[in-house]
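Below is one structure, written out as structure tokens, with a few remarks after it.
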Amino acid sequence: MESPFKETVLKGKTALVTGGGSGIGFAISTELGKHGAAVAIMGRRKTVVQEAAAALQAQGIRAIGVEGDVRNIEDAARVVELTVKQLGRLDILVNGAAGNFLSSAEDLSPNGFRTVLDIDSVGTFTMCNAALQYLKKGGPGKAPSEAGVILNISATLHYTAGWYQIHVSAAKAAVDSITRSLALEWGTDYDIRVNGIAPGPIGDTPGMDKLAPEEIKDDPRFEQPLYRLGEKWDIAMAAVYLASDAGKFVNGATLIVDGGIWLSHPRIAPKEAIRAISRVVEMRSRKTSHASKSKL
Ligand code: COA
């Protein structure tokens with residue numbers, strides 16, 4: 001789909017996208033690049049990040065792929081430094097790296113729970129921590145008035161509760177909390193805007209393949225408009241908006257991009273039934289209150 005944004009909105013900026021080699025992360029990397037940013041893609045699998053960077057280069061985007069695990073503090077520092085060394089600066093950090101699998105709470109080991117929190121929550125903070133000095137105004141390659149931005153990718157399942165995802169719900173709740181705390185502290189101290197994006201179910205992603213096996217995809221609710229799967233492009237456009245000056249007054253927000261699915265629950269009754277009974281119920285209650293007042 002064609003972008004509604006000018007292709008220069010991120011001209012001169014450099015982005016580092018963790019988990020940027022596949023799925024939603026790759027779509028974000030691509031769109032940030034197509035809108036003018038140079039892009040460093042970080043991920044655990046060397047061939048995946050290198051191929052992803054090559055795909056961006058083939059579109060005329062300045063890009064590098066760097067192997068690294070967000071759970072490793074040395075990796076985080078090395079990848080951030082390499083990004084600045086090779087691409088000259090750092091303006092946009094996107095924390096997209098995430099771990100996930102379905103498991104009932106009773107089948108999940110404490111180490112399984114911890115592993116996902118380590119990747120999603122601690123990994124997000126580790127990357128923010130490593131990037132801070134470069135995101136600040138006057139950092140390498142930056143003018144004294146230019147501060148960077150951070151985008152944390154979370155989810156919506158923890159707004160209520162998601163079946164078989166106690167680990168991910170806890171991890172993403174922490175990510176949203178990190179977004180707000182850093183928005184407060186680093187927004188106030190350094191003008192760094194820190195926002196989040198909470199994608200709903202997005203089609204054609206490794207996450208969806210893992211979390212919604214064929215049996216779940218047959219769920220008839222997916223035929224209702226609200227249960228339509230989103231596209232990776234929808235999330236990437238939210239990232240372009242928040243990373244660009246279009247979002248210059250947005251700080252500490254987590255933008256839900258799910259078509260409203262998280263609000264969805266079964267109707268209590270058809271609209272026609274409500275039309276038929278609503279005024280009757282109202283009239284009945286007015287009569288009752290009128291009658292009790294007359295007795296007084
Ligand atoms: N069900 C239950 N427990 C599981 C599991 C599953 N499907 N997969 C892993 N675990 C548990 C392991 O048993 C282990 O716990 P234990 O030591 O008590 O046995 C713990 O999680 C760590 O597993 P391990 O395979 O050593 O971790 P890893 O670092 O190699 O992999 C994961 C991390 C588990 C998140 C893995 O799924 C992964 O790397 N995924 C790629 C990223 C991804 O999920 N992308 C989709 C994003 S939506």
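In each ligand, atom 1 is the first atom listed, and ligand 1 is the first ligand listed.
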Give a yes or no on whether a salt bridge exists between Lys248 and Asp245, defined as a side-chain N under 4.0 angstrom from a carboxylate O. no
Pairs meeting criterion salt bridge (Lys or Arg N to Asp or Glu O under 4.0 Å) with involvement of residues 113-135, two or more places apart: Asp120-Lys172
Considering residues, nucleotides and ligands other than Gln59, do more than 12 of their heavy atoms fall under 6.0 Å from its CD? yes
Under 6.0 Å from the CD1 atom of Ile202, do we count more than 12 heavy atoms belonging to anything else shown? yes
Show me the pairs that pass salt bridge (Lys or Arg N to Asp or Glu O under 4.0 Å) and involve residues 142-156, at least two apart or across chains. Lys13-Glu146, Arg89-Glu146
Could you list each nitrogen or oxygen of ligand 1 that sits under 3.5 Å from a protein nitrogen or oxygen, with the atom names and the distance?
from     : atom 1 : to     : atom 2 : distance (Å)
ligand 1 : 15 (O) : Ser109 : OG     : 3.3
ligand 1 : 17 (O) : Asn111 : ND2    : 2.8
ligand 1 : 18 (O) : Ser109 : OG     : 2.5
ligand 1 : 29 (O) : Arg71  : NH1    : 2.9
ligand 1 : 29 (O) : Arg71  : NH2    : 3.1
ligand 1 : 37 (O) : Lys210 : NZ     : 3.0
ligand 1 : 39 (O) : Arg44  : NH2    : 2.4
ligand 1 : 40 (N) : Lys210 : NZ     : 3.2
ligand 1 : 44 (O) : Asn100 : N      : 2.9
ligand 1 : 44 (O) : Asn100 : O      : 3.3
ligand 1 : 44 (O) : Lys210 : NZ     : 2.7

How would you list, by chain and number, every residue that makes a side chain to side chain contact (heavy atoms under 4.5 Å, CB included) with Glu81, sequence neighbours excluded? Ala77, Tyr134
